[in-house]
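Here is the structure we will look at.
The sequence lines fix the lettering, A, B, ..., with proteins before strands; numbering per chain opens at 1.
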2 protein chains.
Amino acid sequence: MPEGRPPTIKDVADRAGVSKSLVSLVMRGSAKVSEERRAAVVAAAAELGYRPNAVARSLVRQRSHVVGLMLSDIHNPYFAEVVDGVESAAALGGYRALFNTGSRRPAAEREAMETLLELRVDGLVLAGPVLAVRDIAAAARSVPLVLVARASRSVGFDSVTNDDRRGGALAVEHLVALGHERIAHISAGSGAGARSRRTGYERAMARAGLSSHIRVVSGSFTEEGGYEGMRRLLAGGERPTAVFVANDLAAIGALQAADDAGVAVPGDVSVVGYDNTALAALGRIDLTTIDQPGAELGAMAVELLFERIDGRVGDRHIVVTPSLVVRSTTGPPP
Amino acid sequence: MPEGRPPTIKDVADRAGVSKSLVSLVMRGSAKVSEERRAAVVAAAAELGYRPNAVARSLVRQRSHVVGLMLSDIHNPYFAEVVDGVESAAALGGYRALFNTGSRRPAAEREAMETLLELRVDGLVLAGPVLAVRDIAAAARSVPLVLVARASRSVGFDSVTNDDRRGGALAVEHLVALGHERIAHISAGSGAGARSRRTGYERAMARAGLSSHIRVVSGSFTEEGGYEGMRRLLAGGERPTAVFVANDLAAIGALQAADDAGVAVPGDVSVVGYDNTALAALGRIDLTTIDQPGAELGAMAVELLFERIDGRVGDRHIVVTPSLVVRSTTGPPP
DNA sequence: GGCGCGAATTGGAACGTTCCAACGGGAGGG
DNA sequence: CCCTCCCGTTGGAACGTTCCAATTCGCGCC
């Protein structure tokens, strides 16, 4: 069980017979400390099990060397990839990363973000937040902030996204090339990027002369959302021969709904997802999808953050181009 | 872009024409403040965009109201469930949760844990760490600590796990009941719980009089580990008719290897996983597995943590009983 | 009219660091 | 032999809060 109180720099100083300043110098690896004193301090610290108090350090230095990352949904494997990128880029820059999650609920997201803000992280990365732009902009006023996987032309922060509109078009173009006309879309409503993916879908449909076949049902970025969406598509009206789903997670739900309804994929209906998560690559799933490199986006976000932290400011909105990954859930229409 | 310096309690006090102590009282919702002063303070805080500095508060109160959670692997959906449980239980107790990840590498895990420790979290939850017990025990000496999804009879901290040995036996018993004899195991080596699952497998095999059929290949708690393990099992020697894999993620890799080798599941070989993650429930995967309720384990861990934080100490090692979930990857031997 | 009391408010110490200006002492130069 | 310089070391202020003891103020009571 934890003992009375963790040892402080003062305790170490007393035991080593030096001043706390000297201990501080040793801990930070200063060159201007005599070898014997250093040894004495190191020994004393080890004996006491001294561990520097990051809270006190952070208070006096006005810098935490921590970047905060708010994840909109920890169940979406796409964000695990973003985490990888953020974490490795942060480590490269001598920073630590700490996460949070908002469970897709704006209120929870705001609270998670607030927690990070109160902790005075040096930079904040928001991955796929459903938060209002107003809240994001407000936060950006007090800390360097970068948005990942959600576009925004707003000022005051940077963003790194893929071109969701282009991605949506890519999906449609692929299906059109296969000969589909009745291509439906399961949208994720207000989810990050959902609007653009939908717009990409609609415009590409129009360009292909298929305006009359545009059909959008609302869902979400979750399995349940995709399942429900597909259920509705299969139930009512003229059945589509292909469905472009808002993301992989939802696409997997859609696949499930098709399986449950005895509808063959891609025999009866083709399905396209979005994100190219590890899930999509599983042999049993083998989902055609749009690739959006999560780890890279995360790493770029941190680099932008570093520039802001260093004072090199300029609202940069990086947009990477998505690409199509064809697997076995798409084929010619029946 | 962030302005010069975030406003402090002092700035608010000046603007409202009161002392910093009064502002502090208002911020903490004290009842003994006159209505007019309160209003003045609230207004001043809003105008300045004041946000309390958790770092300073944490320093003086010697309490952060944050529980730290170190995740061994953010790509394993099982841990996302643990996060859910931890987060909701923490919120219930008025605490915030902050995560970290160690990417299954002991050195990285130690660093992640150290980060949390330096930040002086009030409690630490370690989910499935591969860290040495020595390191865990050392950390437990300075902070209330609970281990999740890894057993340990050590003193100084609590743990919440499922009975991995029983789980391993459950898998074997199910397969034996189906008529299998050549049941192999893909182990996760030094991963948390791996040893016990293996022991459970071995003992159950012995109990069933199948000692001579015991066959263990080493893998890991990842898809690649499972893939490789299955590849080896299918390649060399007498082919098993059933395989118990260390966890769902690895089992999915194993499934893939079987598919790639043209081996039918469960026609030629049955496969059992562990964890009962959302992955296993996917229709396309439909994996027979051992259920270990992640969210519940996470929530229980936080409750134990709270008891320790409140000083009610006692090394408690909670072990929940796993259960078998039969799906379609298991069947009678060919 | 003075006294006591409670309620509202305040100043200052404390938390554990870092940083800076200042200090002591030995060596080297005049 | 004294002065200077530099190196290693030190004390104290500062960071933004909370908490406690002390202060002020208004009011009722004797």
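C/dG12 atom P lies 16 Å from atom CD1 of B/Ile9, rounded to whole Å. We find that CG of A/Leu25 is positioned 9 Å from P of D/dT9, with the value rounded to whole Å. In this structure, A/Asp14 atom CG and C/dG16 atom P are separated by 13 Å, rounded to whole Å. Spacing between atom CD of A/Glu35 and atom C1' of D/dC7 amounts to 15 Å, rounded to whole angstrom units. The distance between atom CG of B/Asn53 and atom C1' of D/dT18, rounded to the nearest whole Å, is 13 Å. Put simply, CG on B/Leu119 is 14 Å from C1' on C/dG16, counting in whole angstrom units. With rounding to whole Å, A/Arg63 atom CZ is found 12 Å from C/dC19 atom P. What separates CZ of A/Arg37 from P of D/dC7 is a distance of 17 Å, to the nearest Å.
Contact annotation: the side chain of B/Leu124 never approaches that of B/Val67 to less than 4.5 Å [non-hydrogen atoms, C-beta and beyond].
Within the nucleic acid shown, A/Lys20 comes within 4.0 Å of at least one base atom, counting heavy atoms only. Note on B/Val18: only backbone sugar-phosphate atoms sit closer than 4.0 angstrom, heavy atoms only; bases stay farther off. Note on A/Ser21: a base of the nucleic acid sits closer than 4.0 angstrom, heavy atoms only. Residue B/Val33 is classed as a sugar-phosphate contact, given heavy-atom separations below 4.0 Å to backbone atoms only.
Using a cutoff of 4.0 Å between basic side-chain nitrogens and carboxylate oxygens, B/Arg96 and A/Glu111 are scored as salt-bridged.
Between B/Ser34 and A/Arg57, the residue whose closest nucleotide on DNA chain C is further toward the 5' end is B/Ser34. Place B/Leu59 and B/Arg28 on DNA chain D by their nearest nucleotides, and B/Leu59 ends up nearer the 5' end. With DNA chain C read from its 5' end, the first of the two nearest nucleotides for B/Ala56 and B/Ser19 is the one closest to B/Ser19.
Note that the CD1 atom of A/Ile74 and the CD1 atom of B/Ile74 stand 5.0 Å from one another [nearest 0.5 Å]. Distance check, rounded to the nearest 0.5 Å: CE of B/Met27 to NZ of B/Lys20 gives 15.0 Å.
For the OP1/OP2 pair of D/dC19 and a distance below 4.0 Å, the side-chain nitrogens and oxygens of B/Arg61 include at least one atom meeting the criterion. Between A/Arg120 and D/dG16, a side-chain N or O to OP1/OP2 separation shorter than 4.0 Å is absent. OP1 or OP2 of C/dG16 lies within a sub-4.0 Å distance of a side-chain N or O belonging to B/Gln62.
None of A/Arg308, A/Arg150, A/Arg316 except one satisfies the salt bridge (Lys or Arg N to Asp or Glu O under 4.0 Å) rule with A/Asp158; the exception is A/Arg308.
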